[in-house]
Amino acid sequence: MAHSQNKHRDFDSLREQAVALRRAGLSRRQIRDRLHIHNNDILNRLLEGEPPPDWTRRPLAKDDLRNMARELRLQGWTYDRIQFELGCSKSSISLWVRDLPQPERRTRTREEASAIARRGWEATLRKREDERRQTKHLAAEEIGAMTDRELFLVGVGLYWAEGSKSKPYRRQERIVFVNSDPDMITVFLAWLRLLGVERKHLRFAVHIHETADVAAAEMFWAKHVGIETADLLKTSLKKHNPRTNRKNTDEGYRGCLRVGVRGGADLYRRIEGWWYGIVLSAREAEESNRT
C-alpha cells in the first residue's frame, strides 16, 4: 500500500515538472530529454490536457492544406491527384494522411487516363520548348555584331541560295529575290544597302495564293520594308487548286515578297563572281586539309 502511494506521489511530482516545462515553452522532445522519459505513453499521461506552445504549431496555411489533403484522401484520392490539386509535395501528403486507410484501388477510365497522359505530355512539350528557346538565345548571343565583311559574305551565300540566277538556256542577268520569311528579307535589304544599292532602285511585289487575305498581306509587307501599299507593284496571285493539300492557310500566311533591283545586271555579274570566289576558297581550304 505504501509502495503504491509513493509511486503515485512520484508520478504527481513528475507531472508537475512536465507541465511546468511545457508551460515554459518546451517541446515534447525537450521535455522527454530533460526528464529522461523514454516511454511515449507515460509522456502523454504527464502532459495530458496541456496545449503545445505556439512556436511548435504549424502555420495556419499549412494546417488548411493538411485538412484539405486529409479530406481528399478520405474521398479516395491518390497522392498524385492530391499533389496536383493542392500543389504540395508527396512527402508532406504522406505525413498528413498516413494514419488514414488507403483508398480502394480502381481502374482509371479512358478519359482519366487520357487526361493524365495529356498533362504529362504537355509538361514535356513545355520543357522542350524552354530548352529550344534557351538554345536559340545562346546561339544568337554567339553571333554578336557582324562586320561589313561578314554581312557581305552572308549576303552572297543568301542570294545564291534563294535569289534568281541566270541559266545557260535562259540568260537573265537580273537581281530578283523572293522569300516568305520576313527575316530573310531584312538581311537581304541590309546586304543591298551595304553594296550601295539605292532605295529608289528597289521594286517590291507580293506573291500570294488567291484564297488568302491579299490586302492584309500587302499591308504587312509594305510596313515591313517601310513603304506604302500603293508603292507595291501589282500583286501576283496563285490560282487555287482544290486537289492540293495546302498547309499554309492560317492567319500567319502572308505569301512571299519579291524584291527586285532595277538595272542590276552589273551587280548580278559581280554576285556570280563573288560566289565562285567563295567556292574556290572553300576548295583550296579543303585540299589544304587533306594534305
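Start at 1 with the first residue, then count along the sequence.
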State whether the number of non-hydrogen atoms from other residues, nucleotides or ligands found under 6.0 Å of [X] atom [atom1] is greater than 12.
X: R45; atom1: CZ; value: no
X: M184; atom1: CE; value: yes
X: Q102; atom1: CD; value: no
X: R34; atom1: CZ; value: no
X: K136; atom1: NZ; value: no
X: E141; atom1: CD; value: yes

Which pair of non-hydrogen atoms, one from [X] and one from [Y], has the smallest distance, and what is that distance?
X: Q83; Y: S89; value: NE2-CA, 4.3 Å
X: A18; Y: I31; value: O-CD1, 3.9 Å
X: W96; Y: A69; value: CE3-CB, 3.7 Å
X: S180; Y: G255; value: CB-O, 3.5 Å
X: I208; Y: A217; value: CD1-CB, 3.4 Å
X: R70; Y: L100; value: NH2-CD2, 3.2 Å

[atom1]/[X] to [atom2]/[Y] distance, rounded to the nearest 0.5 angstrom?
X: T229; Y: D231; atom1: OG1; atom2: CG; result: 8.0 Å
X: R258; Y: N179; atom1: CZ; atom2: CG; result: 13.5 Å
X: R254; Y: D181; atom1: CZ; atom2: CG; result: 10.5 Å
X: L194; Y: L189; atom1: CG; atom2: CG; result: 12.5 Å
X: H137; Y: E142; atom1: NE2; atom2: CD; result: 11.0 Å
X: L257; Y: L232; atom1: CG; atom2: CG; result: 7.5 Å

Please tell me whether T186 and H224 have a donor and an acceptor in their side chains that are separated by less than 3.5 angstrom.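 The criterion, which ignores hydrogens and geometry beyond distance, is satisfied for H224 and T186.
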
Checking side-chain polar atoms at under 3.5 Å, does S164 have a donor or acceptor matched by the opposite partner on Q172?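 Looking only at side-chain atoms, Q172 and S164 do not form any donor-acceptor pair under 3.5 Å.
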
Answer yes or no: is there a donor N or O on one side and an acceptor on the other, between the side chain of [X] and the main chain of [Y], under 3.5 Å?
X: K238; Y: S236; result: no
X: R149; Y: M146; result: no
X: S281; Y: G277; result: no

Mind checking whether [X] and [Y] have side chains closer than 4.5 Å, heavy atoms only?
X: I42; Y: L46; result: yes
X: W221; Y: P182; result: yes
X: V214; Y: V206; result: no
X: F204; Y: V259; result: yes
X: T124; Y: W121; result: yes
X: D266; Y: E173; result: no
X: V197; Y: I175; result: no

Tell me, please, which residues at least two apart from D130 pass salt bridge (charged side-chain N to carboxylate O under 4.0 Å, His left out).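 Expected list: R133.
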
Is the W191 ring parallel, tilted or perpendicular to the Y159 ring (thresholds 30°, 60°)?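 Parallel, since the angle between the ring planes stays under 30°.
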
Classify the angle between the aromatic ring planes of W275 and W160 as parallel (below 30°), tilted (30 to 60°) or perpendicular (above 60°).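 Correct class here is parallel.
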
Salt bridge between D99 and R73, side-chain N to carboxylate O under 4.0 Å?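 Looking at D99 and R73, the cut-off is not met.
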
Answer yes or no: is there an ion pair linking E129 with R132, defined by an N-O contact shorter than 4.0 Å?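 Salt bridge: yes.
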
Determine, stepwise, if the pair D80 / K90 fulfils side-chain contact (heavy atoms from CB on, under 4.5 Å). CA-CA 8 Å; D80 287 337; K90 285 187 180 180; 2.5 Å; yes

Run F152 and L195 through side-chain contact (heavy atoms from CB on, under 4.5 Å) and show every step you take. CA-CA 8 Å; F152 167 73; L195 298 180; 4.0 Å; yes

With E50, which of R23, R15, R22 fulfils side-chain hydrogen bond (donor to acceptor under 3.5 Å, both in side chains)?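 Exactly one candidate clears the test, R23.
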
Tell me whether I227 is reachable from V261 by hopping between hydrophobic residues (I, L, V, M, F, W, Y) whose side-chain heavy atoms are closer than 4.5 Å.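 Linked within one cluster.
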
For Q75, enumerate each residue passing the side-chain hydrogen bond (donor to acceptor under 3.5 Å, both in side chains) test, keeping only those at least two apart in sequence or located in another chain.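 For Q75, no residue satisfies side-chain hydrogen bond (donor to acceptor under 3.5 Å, both in side chains) once neighbours in sequence are set aside.
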
